[in-house]
Amino acid sequence: MTTVREASFELFRARGMTTMFGNPGSTELPMLRDFPDDFTYVLGLQEAVVVGMADGFAQTSGRPTVVNLHTAPGVGNAMGAIFNAQANHSPLVITAGQQVRAVMTMQANLTNRDAALMPLPLVKWSYEVPRAEDVPAALGRATHVAALPPRGPVFVSIPMDDWQAEVDDGAVGHAIERSVTGRAAADPERVRDLAKRLSEAKSPVLVAGPDVDASGAWEWAVELAERQHLPVWAIPAPGGGRIGFPEGHPNFQGVLPPAIAPLSQTLEGHDLVLVAGASVFSYYPYIPGPLLPEGASLVAITSDPDEAARAPMGDAIVADVALTLERLLDEVGESDRDEPPQRPPPDEPPESDPISGSEAMRTLAGVWPEDAIAVIETPSSTAAFRNQVRISRPASYFFAAGGGLGYGLASAVGVQLAQPDRPVVCVIGEGSVQYAVSALYTAAAYEVPLTILVLRNREYAILKWFAEFEQVSGAPGLDLPELNTAEIADGYGISSRRVEGSEELGSALSDAIPSGKAELVEVGVAPGMWLM
Ligand SMILES: Cc1ncc(C[n+]2csc(CCOP(=O)(O)OP(=O)(O)O)c2C)c(N)n1
């Protein structure tokens, strides 16, 4: 007879889910007993790190990824990271241990009371299995729900005595064999309408979002822009977990500002705004104004019905972005509109001591390997990174669309684990490092060859910018005078160095990126916001 544990691992194995991220407790040990040799357990030392690593791994591998957390406190620690995973559309199958069934009603120590309520509303589905033998079916269902569009995290609470129970082999066989696919094609009539609107528009513009990349629509977006002579903008940076269009491409114009009034001002002169693979829009801060420029209409293509429904303006087509753009290309020919204007190359930032965030990003751009992947959590230098480095390959940029710090360092470890042959560079503020600092342990222990570039500006720079914007004076807690991240990294077993100036920075990065091991480079930068 087969046990719940054997059947569950068989199900994971059949779906290629053999890398699991976790932090164990006593309630999880029965799941981990005799851990199969063909599985990898990646230990994170705190649950926000566990989920962040799994998020990067799931997005990069494209597969649902198993996470195992320690009953209520483990889930509690993970909540901020689960929030990010939801915003990132990251397919995580999150499991947590639970007390044995016999003592749950008396609420013995470690019982997760109302376990399925706890991660709501951040997960797509949350469940505690009614009978032990149903665990494999619940995990099967969880995997399908996580992977169906819009992808996202799901949660299953599993009492610790369930793993030894025996299953119905026939039923489990069906659960393991099932395939469920969710790439929906758009209504052909709507696609023809859109093609007509696009061809007839005088000055259409394409706005590319993260799901272009996640759905594999990158080449279709490029083809559409080239054929229709479309200028292309990226959605506002805070909501953009991935890049949907090559930022060094001649049609690319830049990153849209994140607030209502300046965003519509930027699109002025366009009569049709085509948004692909994004919500419309993830605005912040609030600067009221018209949602669209005078005379413009908008159409969004998204695989997420909720994104479509909640948009404050425009029409939407709910369907797979890649399939829809591919079909749209069948309907549109070469345009005779003028080619869009070309964005100038990035400015050379003025010299300063310490260097500006822009100069640090320019130095990074100078040593950037063509196939490198960026994981970004450097609030005051994100705009400078986008402008200076101009990532132009798919699946090469990851950012917390939810805005919760702690994603960057953790996710970078997961991205590198899923892509061992591509260089991964995490660019991160010294404040942000602290939210997931123990990811350094996993990077060292699992020999993850990640490069971490820490920008040390001795403050929460972006919050000082917000304080000015919100006309808040006298707020405490915005300075970080002496945080030595390089020494902290040493404590976790990561080789590190502190540098000053672009020359030292360039040479440190040139050593670290191809070194084949985890290295941290900390550079001093001037306080402030760096937009160029
Ligand atoms: C979990 C979480 N807590 C707090 C914040 C608020 N927050 C946004 S940016 C920021 C400062 C980050 O500092 P640092 O990484 O040094 O970057 P800098 O702004 O200096 O570039 C903080 C605290 C957040 N986004 N997420």
Side-chain angles (χ1 to χ4, degrees), residues 12-23 36 38-44 48-68 78 81-82 84-94 143 146-147 151-154 210-216 218 241-244 369-377 391 393-401 406-428 436 438-452 494 513-519:
F12 294 147
R13 183 179 288 117
R15 298 194 182 158
M17 300 159 67
T18 55
T19 300
M20 175 189 297
F21 295 81
N23 183 263
D38 58 331
F39 279 64
T40 304
Y41 182 86
V42 181
L43 173 66
V49 173
V50 171
V51 171
M53 293 193 299
D55 185 338
F57 187 88
Q59 287 195 69
T60 315
S61 67
R63 275 200 297 276
T65 298
V66 187
V67 175
N68 184 231
I82 298 174
N84 281 331
Q86 180 205 39
N88 290 335
H89 291 167
S90 196
L92 303 185
V93 177
I94 303 170
T143 306
R151 296 180 137 209
V154 298
D211 208 24
V212 170
D213 196 30
S215 71
W218 185 274
R242 302 171 73 144
I243 278 175
E370 216 198 310
D371 61 339
I373 301 176
V375 184
I376 302 297
E377 193 167 275
I391 295 284
R393 276 189 160 209
S396 300
Y397 176 92
F398 297 91
F399 179 90
Y407 169 82
L409 195 52
S411 147
V413 173
V415 168
Q416 182 75 84
L417 282 167
Q419 284 283 359
D421 299 328
R422 290 181 63 187
V424 176
V425 182
C426 176
V427 187
I428 187 162
S438 66
L440 293 171
Y441 170 80
T442 309
Y446 290 76
E447 298 179 349
V448 181
L450 171 69
T451 303
I452 303 150
I494 300 270
I513 295 173
S515 72
K517 60 187 176 67
E519 292 208 31

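Note that the structure is a prediction, hence the values are computed from the model and not measured.
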Check: Is there a side chain to side chain contact (heavy atoms under 4.5 Å, CB included) between Phe398 and Thr60 once you walk through the steps?
Finding: CA-CA 9 Å; Phe398 297 91; Thr60 315; 3.9 Å; yes
Margin query: Whether the side chain of Asp213 engages the backbone of Gly244 through a donor-acceptor N/O pair (distance < 3.5 Å, no angle test) should be reported.
Written below: no
Please output the side-chain donor-acceptor pairs of residues 48-59 that fall under 3.5 Å, not counting sequence neighbours, one pair per line with the distance.
unit_1, atom_1, unit_2, atom_2, d
Asp55, OD1, Gln59, NE2, 2.8
Asp55, OD1, Ser90, OG, 2.9
Asp55, OD2, Asn88, ND2, 3.0
Gln59, NE2, Tyr407, OH, 3.4

Check: Within the distance-only criterion (no hydrogens, no angle test), does the side chain of Ser515 pair as donor or acceptor with the backbone N or O of Ile513 below 3.5 angstrom?
Finding: no
Check: What residues, two or more places apart in sequence or in another chain, satisfy side chain to side chain contact (heavy atoms under 4.5 Å, CB included) together with Ala372?
Finding: Trp368, Pro369, Pro423
Next item on the list: Give the minimum heavy-atom separation between Val375 and Gly408, together with the two atoms involved.
Entry: CG1-O, 3.4 Å
Checklist line | Non-hydrogen atoms of Thr442 and Gly44 that approach each other most closely | finding: OG1-CA, 3.8 Å
Notebook entry, point to check: After noting the C-alpha distance and the side-chain angles of Phe21 and Leu92, does the key distance pass the side chain to side chain contact (heavy atoms under 4.5 Å, CB included) rule?
Noted result: CA-CA 10 Å; Phe21 295 81; Leu92 303 185; over 6 Å; no
Item checked: Test item: Arg151 side-chain N/O and Gly62 main-chain N/O as donor-acceptor pair under 3.5 Å -> yes
Checklist line | Pairing residues for Arg13 by the salt bridge (Lys or Arg N to Asp or Glu O under 4.0 Å) criterion, not counting sequence neighbours | finding: Glu10, Asp38
Checklist line | Close side-chain approach of Thr40 and Leu417, heavy atoms under 4.5 Å | finding: no
Next item on the list: Evaluate side chain to side chain contact (heavy atoms under 4.5 Å, CB included) for Tyr446 paired with Leu43, printing each intermediate quantity in order.
Entry: CA-CA 9 Å; Tyr446 290 76; Leu43 173 66; 3.4 Å; yes
Checklist line | CG-CG distance between Asp421 and Asp371, expressed to the nearest 0.5 angstrom | finding: 9.5 Å
Note to self: Ignoring hydrogens, what is the shortest heavy-atom contact between Arg393 and Glu370? Give both atom names and the distance.
What the structure shows: CD-O, 3.3 Å
Notebook entry, point to check: Side chains of Ile243 and Trp218: does their closest heavy-atom pair fall under 4.5 Å?
Noted result: yes
Item checked: Test item: side-chain donor near acceptor, Thr19 and Arg63, under 3.5 Å -> no
Check: Distance-only, no hydrogens or angles: does the Glu377 side chain make a donor-acceptor pair with backbone N or O of Gly406 under 3.5 Å?
Finding: yes
Checklist line | Minimum-distance pair of heavy atoms, taken over all atoms of Ala401 and Gly241 | finding: CB-N, 3.9 Å
Note to self: Quick one, Cys426 with Gln416, criterion side chain to side chain contact (heavy atoms under 4.5 Å, CB included). Give me CA distance, side-chain angles, the key distance, then yes/no.
What the structure shows: CA-CA 10 Å; Cys426 176; Gln416 182 75 84; over 6 Å; no
